[in-house]
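Each remark here refers to the structure printed beneath this line.
As the structure lists them, so they are numbered: ligands from 1, and atoms in each ligand from 1. The structure presented is a predicted model; accordingly, all values stated were derived computationally and were not measured.
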Amino acid sequence: MYNVFGDFMERLQKIIAESGYCSRRKAEELISKGKVKVNNKVETKLGTKASYDDYIEVEVNPLNKKEDKVYFLLNKPRGVVTSVTDDKGRKTVVDLINTDKRIYPVGRLDYDTTGLLLLTNDGELTNFLIHPKNNIEKVYVAKIKGLISKDDLRTLCRGIIIDGKKTNKAQSKILKIDKKNNCSVVELIIHEGRNHQVKKMFESIGYEVLKLKRESISFLTLDGVKSGEYRELSVKEVKKLYGEKND
Ligand code: URA
């Protein structure tokens, strides 16, 4: 059933139960006791329907309603902030995605870092992906100033102290040594996501990062997604990410 605005209407106790606030039976009890308000009006009738856009309060608590989950893979360009809004009025990663859902980025890439960024409204998956204990692999390609040595990379990969804490073991590969321009290109694989981690890791062994791109997160890559573009994850990909969670 839809209301005059075309919003889908659902029984109030179902909306409350779906939000995870309490069971459907408990929701019925709360409605009967006059503890539930819809758009600031107390509803005590059990058959009452509401829309997912209505403002619902249960025992004075605003209800966080269940929303369809969406998952986007963005190829972030340079010069875009990884946040939902920006107080300096700069373009954000959320501005690049056409959706009416309240999405947010999973972790962050610096203003000048490019590459793979996930955005979603799924808090559970976000928490899983960003928690270091879950060892989610992230592959970065960094262009650095100077000609890096294998010894320096070994030091980097064994784990080094940044911000007073040792980084976990990492893997790396030299992709290019450019003697003419005095720079190197290195692939670095890490499993954490500390603030400015890659730049700080290279800095700590004496190299400045000139350019940084994230190539992949877990099995997700940028294949077929140009800079500034995005795609939705398939159901299979989301299940696979959740699979990693349950492995
Ligand atoms: N590490 C950094 O230093 N910057 C990023 O944007 C991501 C990882």
Minimum side-chain heavy-atom gap Lys76-Thr114 below 4.5 Å:
no
Below 4.0 angstrom from a heavy atom of Lys199, which ligand 1 atoms are there? Numbered from 1 as shown, please.
2 (C), 3 (O)
Checking side-chain polar atoms at under 3.5 Å, does Asn121 have a donor or acceptor matched by the opposite partner on Tyr104?
no
Which distance, rounded to the nearest 0.5 Å, do you find between the CG of Asp122 and the CD1 of Ile103?
12.5 Å
Do Arg78 and Tyr111 meet the cation-pi criteria used here (NZ or CZ under 6.0 Å from the six-membered ring centre, within 45° of the axis)?
no
Considering only the protein, which heavy-atom contact is closest to atom 1 (N) of ligand 1, and what is its distance?
Val198 N, 3.1 Å
At what distance is the nearest protein heavy atom to atom 4 (N) of ligand 1, and which residue and atom is it?
Asp110 OD2, 2.8 Å
Would you check the N or O atoms of Thr113, main chain and side chain alike, for any that come under 3.5 Å of an N or O of ligand 1?
yes
So is there a nitrogen or oxygen of Tyr140 less than 3.5 Å from a nitrogen or oxygen in ligand 1?
no
Between Leu212 and ligand 1, which residue portion shows a heavy-atom distance shorter than 4.0 Å: side chain, backbone, both, or neither?
side chain
Here's one to test your reading of the geometry: is the NZ or CZ of Lys240 within 45 degrees of the ring axis of Phe219 and under 6.0 Å from its centre?
yes
